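These notes concern the structure reproduced below.
Note that ligands are numbered from 1 as they come in the structure, with each ligand's atoms numbered from 1 the same way. What you see is a predicted model; the values in this text were computed from it and never measured. Keep in mind that the numbers below use all heavy atoms, side chains included, and drop hydrogens, waters and symmetry copies.
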Amino acid sequence: MAVPSITLNDGRDIPQLGFGVFQIPPPETEAAVTHALEAGYRHIDTAEMYGNEEGVGRAVRAAGLDRADVYITSKLNNGFHRPDDARRAFERTLEALGDDYVDLFLIHWPLPTLYDGDFVSTWKTLEEFKADGRARSIGVSNFQVAHLERLAAETDTVPAVNQIELHPYFQNREVAAYGSEHGIATQAWAPIAQGKVMDDPTLTEIAERYEKSIAQVVLRWHIQHGMIVFPKSVTAERIRENIAIFDFELETPDVETIDALDRGEAGRGGPNPDEFDYVPS
Ligand SMILES: NC(=O)c1ccc[n+]([C@@H]2O[C@H](COP(=O)([O-])OP(=O)(O)OC[C@H]3O[C@@H](n4cnc5c(N)ncnc54)[C@H](OP(=O)(O)O)[C@@H]3O)[C@@H](O)[C@H]2O)c1
């Protein structure tokens, strides 16, 4: 049951399902990523902000896999949007991972209320990393439609991905639709709403019928919508469960029933990117 790949707008392939490491404490990261690699994951999503890039790098090296067979994403932290800071931060990310490239590097948040609203020069700095080959692909995260439109008007590179909060309760449709229309792949963060979907009666009924868990049904729903997902877990059994979603298919009425769980803005669990201005000290 191989994980399918999606071809990005720069011609590079990304495994559609990966493993997220947000909120995995640094001392536990190597073990969690090792479990994931053993379970068959070949795509890891980390960030400088998570403080655990070292653990990701150690696990990948210890697995003895060909580096080309593992897809690694990291992200620029919020304090480093100015070009010179971004260049230094990217070097620190490569150093922490113990690598000379990442497969994908993202601007973590647009921060439109900071840096005089200038995420354009930050994006142009990521274009340098792509040009010199140290970031095989570049993209953004938490960008709203207006932010994407500004990049389209003022820069030469369309982001390969936009990583946004997206799950049954917050389907973020306007941003995802802009991505589909402009060749930007959508990565759905918090794909199982950080566990909040687990008691849902509608999902429980569907999961029972397919003899799958709620997490598996929701992850399958994302896959069938063409989303890229990387559920996080520190639990070995759940890590295995979350990748075992390629032996069944949801029928269209069930997909539509899950589509109908959208609560719009009320379903958002994380910060609103138009206002978010957190800079870690
Ligand atoms: N770009 C951004 O701003 C941004 C923001 C947030 C997340 N992300 C990325 O997206 C990834 C995924 O999002 P997330 O970590 O926020 O949330 P998530 O993957 O939706 O949910 C993780 C939570 O669900 C639990 N869980 C996992 N598998 C389960 C299962 N099969 N059954 C029951 N519970 C299960 C985990 O518990 P245990 O760990 O205890 O098993 C954890 O509490 C992150 O790790 C990160 O890589 C990006």
In terms of residue, atom name and distance, what is the protein heavy atom nearest to atom 48 (C) of ligand 1? Q163 OE1, 3.0 Å

Within the 4.0 Å heavy-atom cut-off, what M198 brings close to ligand 1 is side chain

Qualifying residue for ring-ring contact (aromatic ring centres under 6.0 Å, His included) with F119, from H108, H147, H81: H147

May I ask you to identify, for N242, whether its side chain, its backbone, both or neither come under 4.0 Å of ligand 1 on a heavy-atom basis? side chain

Under a 4.0 angstrom heavy-atom cut-off, which atoms of ligand 1 come close to E241? 30 (C), 31 (N)

Considering only protein heavy atoms, which is closest to atom 44 (C) of ligand 1, and at what distance to one decimal place? F22 CB, 3.4 Å

Ligand 1 to H108, heavy atom cutoff 4.0 Å, flagged ligand atoms 1 (N), 2 (C), 3 (O)

Per-atom contacts, ligand 1 versus D45 - under 4.0 Å to a heavy atom: 9 (C), 46 (C), 47 (O)

Shortest protein heavy-atom distance from atom 13 (O) of ligand 1, along with the residue and atom involved: A190 N, 3.1 Å

With a 4.5 Å cut-off on side-chain heavy atoms, are S74 and E53 touching? yes

Within 45° of the six-membered ring axis of F143 and under 6.0 Å from that ring's centre, is NZ or CZ of R150 located there? no

Once you restrict to heavy atoms under 4.0 Å, what part of Q194 touches ligand 1? Side chain, backbone, both or neither. both

Think R220 forms a cation-pi with Y210, using NZ or CZ under 6.0 Å from the six-ring centre and within 45 degrees of its axis? no

Does P191 have a heavy atom less than 4.0 Å from any atom of ligand 1? yes

Could you tell me the residue and atom name of the protein heavy atom closest to atom 5 (C) of ligand 1, and the distance to it rounded to 0.1 Å? W189 CD2, 3.2 Å

Interfacing atoms of ligand 1 (cut-off 4.0 Å, heavy-atom, N142): 1 (N), 2 (C), 3 (O)

Enumerated ligand 1 atoms positioned under 4.0 Å from heavy atoms of A215: 30 (C), 31 (N)

Against heavy atoms of A193, which atoms of ligand 1 measure under 4.0 Å? 20 (O)

Per-atom contacts of ligand 1 with T235, taking only distances under 4.0 Å to non-hydrogen atoms: 38 (P), 40 (O), 41 (O)

Of all the heavy atoms in W109, does at least one lie under 4.0 Å from an atom in ligand 1? yes

Please list the nearest protein heavy atom to atom 25 (C) of ligand 1 with its residue and the distance rounded to 0.1 Å. R238 NH1, 3.9 Å

For D66, I'd like to know if atom CG has over 12 heavy atoms of other residues, nucleotides or ligands within 6.0 Å. yes

Where is the nearest protein heavy atom to atom 11 (C) of ligand 1: which residue, which atom, and how far? F230 O, 3.3 Å

Parallel under 30°, tilted from 30 to 60°, perpendicular over 60°: which one fits the rings of Y169 and H167? perpendicular

What is the closest protein heavy atom to atom 26 (N) of ligand 1, and at what distance does it sit? I192 CD1, 3.6 Å

Ligand 1 atoms in contact with P231 (distance to a heavy atom under 4.0 Å): 19 (O)

of all protein heavy atoms, closest to atom 22 (C) of ligand 1 is K232 O, 3.4 Å

